[in-house]
Amino acid sequence: MAKKSIRDIEVTGKRCLVRVDFNVPLDEKDGHMVITDDTRIRETLPTIQYLIGKGAKVILCSHLGRPKGKRSEKESLRPIADHLHTLIGHPVAFSHDTIGEVPAKIIAHMKNGDVALLENVRFEAGEEKNDPVLAKAMAALAEIFVNDAFGSAHRAHTSTAGVAALLPAVSGLLMEKELTYLHDELENPERPFVVILGGAKVNDKIEVINRLLEKADTIIIGGGMAYTFRKLTQGITLGKSLYKPEWEPIAQAAIEKAKARGVKLLIPVDAMVTDAFDFDAKKLGNIKLAPAGVGIEPEWEGVDIGPASVRLFADEIAKAKTVIWNGPMGVFEIPEAAKGTFAIAEAIAANRTAKTIIGGGDSVKAVKKAGVADKVTFISTGGGASLELLEGKTLPGVAALNDK
Ligand code: AMP
């Protein structure tokens, strides 16, 4: 899949339309929208600074929220232009239109190394429809298209796919890293390659399980989806734990595939269980351990892996040379049910000789909450996009980039 990046082409003096992910959380304060977490902006700074350093004309575009094709002041990118100015110490010209004369005029006045930001691409009705007319209007503003918005690459929108077909199209440095760690590195991983998958539902993760069964030495299954595997492999009762009869054949097929391919499938052996679970209120009732070999009682529900499972998983993680993790081991949003997930985050962080990759979504939150984010090799910025890439799917925003 090797795709060209900004390092593979001449960008000096060129108008580069850079699709970034500035979809940051905003809060209204005294009539102004204030950025509450600028991580996504910071993550794309290496690309922006690289292009400035090379003397490109950097024209940034992004979506923010879900304005559904209509202008909405609360979802304007203007506050982001101001914030970016302070982050890069370089003025950022803001275009209150995404396409047309307003940005064209601003761009005409740009010097090499200047930066502009276009208004929210989702103010344009054509954006989410991948409209060719909008794609043409966006392409008219630039000579090169750069995609650094990995988190949006699984969507075939105008600013991720349509415009890329009309210009030389390359990845930014963040996108390049995501593709390296979530794709290229996993084609030929250093072994043992241990995959840890968690989350609620078997059907949501089965494609990832199936695909990674073809690459991994060990697959560790945790979270809500593990109970179906426990019923099948340990024959225990599950009480009120997450389980659906229709997940059984899916899980069974994965168990058989693992056997046929000689992949070690590690399933939790114990669980922390509760007799009352209110996710919205983030509250549990009584909590106790359902030990190994013992079923979960009728009125009880598994909300986390137990200490024996943590030891089993941590031992395997310690021996790995490549680790990828997607999905929590339990209901980690509730502190009493977060211990297993945090213990796995710590086990991954403790293996300093392995390449450790945190593949998006809730596992990213867990690694940050556990305070070990700086001890892993790579943390993906994509949720849905990382999962689709791990499933082996072609992402429209990646497919649209030029091959090396
Ligand atoms: P996913 O989006 O499929 O990765 O699932 C993440 C969600 O699964 C998180 O919100 C967790 O709270 C939830 N989850 C993990 N383990 C369990 C469990 N044992 N019972 C219910 N929900 C769970």
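As the structure lists them, so they are numbered: ligands from 1, and atoms in each ligand from 1. It should be emphasised that the depicted structure is a prediction, and the values quoted were computed from it without experimental measurement. One-based numbering along the sequence shown. Computation of the quantities below employed the complete heavy-atom set of this structure, encompassing side-chain atoms and omitting hydrogens, waters and symmetry-equivalent molecules.
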Problem set entry | With sequence neighbours excluded, residues passing side-chain contact (heavy atoms from CB on, under 4.5 Å) with Ala318 | none
Exercise. Under a 4.0 Å N-O cut-off, is there an ion pair linking Asp97 with Arg71?
Worked result: yes
Seminar exercise, completed: Separation between CZ (Phe94) and CG (Leu60), nearest 0.5 Å, reads 11.5 Å
For this session: Return the set of residues passing ring pair (Phe, Tyr, Trp, His ring centres under 6.0 Å) with Phe279 (not counting sequence neighbours), or none when no residue passes.
Result: none
Please tabulate, line by line, the atom pairs linking an N/O of ligand 1 to a protein N/O at a distance below 3.5 Å, with the distance in Å to 0.1, or answer 'none'.
unit_1	atom_1	unit_2	atom_2	d
ligand 1	3 (O)	Ala200	N	3.3
ligand 1	4 (O)	Lys205	NZ	2.9
ligand 1	5 (O)	Ala200	N	3.1
ligand 1	8 (O)	Ala200	N	3.3
ligand 1	10 (O)	Glu333	OE2	2.5
ligand 1	12 (O)	Glu333	OE1	2.7
ligand 1	12 (O)	Glu333	OE2	3.4
ligand 1	16 (N)	Gly224	N	3.1
ligand 1	19 (N)	Gly302	O	3.0

For this session: Taking side-chain contact (heavy atoms from CB on, under 4.5 Å) as the test, write out the residues that go with Glu128, two or more places apart.
Result: Lys68, Arg122, His157
For this session: Check the side chains of Thr322 and Glu185 for a donor-acceptor pair under 3.5 angstrom, ignoring hydrogens and angles.
Result: no
